[in-house]
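As structure tokens, the structure follows; a few thoughts come after it.
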Amino acid sequence: MRRLDRAFFARPVLEVAPDLLGCRLVRVLPGGARLEGRIVEVEAYVGDGTDPASHAHRGPTRRNRAMFGPPGHFYVYLSHGLHVCANLVCEPAGTGAAVLLRAVEPLEGESRMRARRGGSDGRELTNGPGKLAQAFAITLADDGRSALRGALRIEPARGPREFAVAVSPRIGLSKAADLPYRFTVSGSPWLSRGAGRAG
DNA sequence: GCCTTGATTGTG
DNA sequence: ACAATCAAGGCC
């Protein structure tokens with residue numbers, strides 16, 4: 001398939017999360033330049049009420065509204081008042097399940113990413129949720145937008161999967177810090193720093 | 001209303 | 001180790 005469809009994201013979030021590894025994050029800038037990265041690290045936030053670490057755990061608010069919208073759309077929020085983090089909404093509307101994009105491997109447009117990242121280079125470009133959002137020019141304006149089409153989108157992996165998926169606890173949580181909802185491309189050098197060796 | 005806490009990052 | 005900085009949640 002050339003494009004991901006709504007059904008891909010409508011599945012259980014713990015199935016979608018590992019399937020997003022290897023997929024491409026694509027941003028087409030207003031001038032037409034293309035930024036592309038291969039997803040290597042994600043975290044799942046389940047919407048069944050059993051995940052106290054999820055923004056959706058206490059129901060809809062203005063900030064997390066997109067989490068309860070249709071699958072295949074972005075949920076973008078401001079973290080610590082400074083950084084932007086991007087999620088992909090999963091499961092049927094009203095569920096409140098999403099996958100956080102934590103790290104990508106740059107494939108195209110690295111010079112433009114570097115400019116946006118204030119000169120940072122190499123893995124520092126995209127090895128964290130706030131970093132990749134900055135590199136790909138993701139802003140709160142992308143909150144609620146479709147990830148299936150448009151200037152910011154997810155494209156399917158090309159070719160068969162050639163890596164192992166590693167599972168580990170999520171990063172930086174004070175609640176439910178033991179749940180194994182983090183999925184990474186095993187051994188990738190592009191993982192986020194909180195990553196430790198669990199990749 | 002007021003205070004605390006973050007799904008983080010850069011710097012010391 | 002800690003500041004930057006804002007939206008939610010908890011509590012009075």
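Every chain is numbered from 1 and lettered A, B, ... according to where its sequence line falls, protein lines coming before strand lines.
- For dG6(B), the OP1/OP2 oxygens have a side-chain nitrogen or oxygen of S174(A) closer than 4.0 Å.
- Nucleotides of DNA chain B nearest to S120(A) and S54(A) differ in position, and the one nearer the 5' end is that of S54(A).
- Ring stacking is absent between Y77(A) and dA7(B), as the pair misses the limits of under 5.5 Å between centres and under 30 degrees between planes.
- Here the side chains of M67(A) and N87(A) are not in contact, with every heavy-atom distance at 4.5 Å or above.
- Under a cut-off of 6.0 angstrom, the local environment of CZ in R114(A) is crowded, with over 12 non-hydrogen atoms contributed by other residues, nucleotides or ligands.
- When distances are taken from the side chain of L173(A) to each of dA7(B), dG6(B), dG10(B), the shortest belongs to dA7(B).
- Of the residues listed (R34(A), R3(A), R149(A), R38(A)), the one engaging E155(A) in a salt bridge (Lys or Arg N to Asp or Glu O under 4.0 Å) is R34(A), and it is the only one.
- Counting only N and O atoms by type, the side chains of R117(A) and Q134(A) include a donor and acceptor under 3.5 Å apart.
- Summarising the geometry, the separation between NE2 on H55(A) and P on dT5(B) is reported as 16 Å, rounded to the nearest angstrom.
- Put simply, NE2 on H83(A) is 11 Å from P on dT11(B), counting in whole angstrom units.
- Listed pair R63(A) / dC6(C) fails the phosphate criterion, with no side-chain N or O lying under 4.0 Å from OP1 or OP2.
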With pairs defined as Watson-Crick or G-U wobble and both distances under 3.5 angstrom, please note down DNA chain C as a dot-bracket string, | for pairing with another strand. ||||.||||||.

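- Listed nucleotides: dA7(B), dC6(C), dG10(B). Nearest to the side chain of E124(A): dG10(B).
- Here N64(A) lies out of heavy-atom contact (under 4.0 Å) with every strand.
- Side-chain contact between L20(A) and F183(A): absent, with no pair of heavy atoms (C-beta onward) separated by less than 4.5 Å.
- Evaluated for a side chain to side chain contact (heavy atoms under 4.5 Å, CB included) with R24(A), the options V104(A), L107(A), L4(A), I154(A) yield exactly one hit, L107(A).
- Side-chain contact between P71(A) and R6(A) is present, with heavy atoms from C-beta onward closer than 4.5 Å.
- The distance between atom NE2 of H80(A) and atom P of dC2(C), rounded to the nearest whole Å, is 15 Å.
- Atom CG in L191(A) sits about 17 Å away from atom C1' in dT8(B), given to the nearest Å.
- The interatomic distance linking H57(A) (NE2) with dT5(B) (P) rounds to 19 Å, in whole Å.
- Between K131(A) and dG10(B) there is a side-chain N or O to OP1 or OP2 distance below 4.0 Å.
- Distance from the side chain of R117(A) is smallest to dG10(B) among dA7(B), dG6(B), dG10(B).
- No side-chain heavy atom of F74(A) sits under 4.5 Å from any side-chain heavy atom of D143(A).
- No N or O donor and acceptor, one from the side chain of R58(A) and one from the base of dG10(C), sit under 3.5 Å apart.
- Atom CG of L82(A) is separated from atom P of dT5(B) by 18 Å (rounded to the nearest Å).
- The separation between R193(A) atom CZ and dT11(B) atom C1' is 10 Å, rounded to whole Å.
- Residue L132(A) contributes atom CG, which lies 12 Å from atom P of dT8(B) at whole-angstrom precision.
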